[in-house]
A.B. asks: 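One structure follows; several queries about it will come next.
For this chain, numbers begin at 1 and follow the sequence in order.
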Amino acid sequence: MAAENGVDLVVAVGGNLAKQLALAAGAAGVPDIALAGDNITATAYLDSILRPDDVVLVKASRGGQLWQIAQALTGQPVTGL
């Protein structure tokens with residue numbers, strides 16, 4: 001679905017399941033994929049490549065706590081559970 005909707009980059013966060021998701025996105029046609037082991041690494045990577053008008057969708061189960069990435073990228077205090 002990401003490839004069908006013109007997504008330029010998928011950053012998957014986590015272990016083996018995240019790796020499978022990233023590889024599937026690439027195989028489906030997403031031009032760039034990345035894998036980060038944790039939220040801190042994903043945030044640092046995104047912070048280094050994002051431009052002012054970029055759009056970011058953060059999607060995961062609550063267990064992944066990916067809201068922390070959204071908080072960090074928007075300058076909010078990062079919260080846990």
Side-chain angles (χ1 to χ4, degrees):
M1 187 175 207
E4 292 173 10
N5 287 288
V7 170
D8 297 315
L9 168 67
V10 167
V11 179
V13 181
N16 287 333
L17 289 176
K19 181 179 179 179
Q20 290 175 24
L21 177 124
L23 292 174
V30 174
D32 290 310
I33 59 171
L35 180 62
D38 56 52
N39 292 349
I40 293 170
T41 304
T43 299
Y45 173 66
L46 288 168
D47 196 41
S48 74
I49 65 165
L50 289 176
R51 297 176 307 236
D53 292 331
D54 286 344
V55 175
V56 177
L57 169 67
V58 178
K59 169 67 180 96
S61 66
R62 290 192 52 84
Q65 300 183 27
L66 293 189
W67 69 79
Q68 294 173 338
I69 295 171
Q71 288 173 325
L73 291 175
T74 58
Q76 299 176 43
V78 177
T79 59
L81 287 175

A.B. asks: How does the hydrophobic cluster around L57 look, that is, which other residues are in it when side-chain heavy atoms under 4.5 Å mark a link?
C.D. replies: none
A.B. asks: Could you give all pairs that pass the salt bridge (Lys or Arg N to Asp or Glu O under 4.0 Å) test and reach residues 37-56, with sequence neighbours left out?
C.D. replies: R51-D54
A.B. asks: Checking one residue: L21. Which other hydrophobic residues are in its cluster under the side-chain 4.5 Å linking rule?
C.D. replies: V7, V10, L23, V30, I33
A.B. asks: I'd like to check the side chain to side chain contact (heavy atoms under 4.5 Å, CB included) partners of Q20; sequence neighbours left out, ordered by chain and number.
C.D. replies: L17
A.B. asks: Should side-chain heavy atoms under 4.5 Å link Ile, Leu, Val, Met, Phe, Trp and Tyr, which residues sit in the same cluster as I40?
C.D. replies: none
A.B. asks: Would you check if the side chain of N39 reaches a backbone N or O of W67 as a donor-acceptor pair within less than 3.5 Å?
C.D. replies: no
A.B. asks: A quick test of your reading: do over 12 heavy atoms of other residues, nucleotides or ligands sit less than 6.0 Å from CG of N5?
C.D. replies: yes
A.B. asks: Search all heavy atoms of V78 against all heavy atoms of Q71 and return the closest pair with its distance.
C.D. replies: CA-OE1, 3.4 Å
A.B. asks: Linking Ile, Leu, Val, Met, Phe, Trp and Tyr by side-chain heavy atoms under 4.5 Å, what else ends up with L66?
C.D. replies: L9, V11, V13, Y45, L46, I49, L50, V56, V58, I69, L73
A.B. asks: For the residue pair A12 and A22, what are the closest heavy atoms and their distance?
C.D. replies: CB-CB, 3.9 Å
A.B. asks: Taking all atoms of both residues into account, what is the closest heavy-atom pair of A18 and L35, and its distance?
C.D. replies: CB-CD1, 3.7 Å
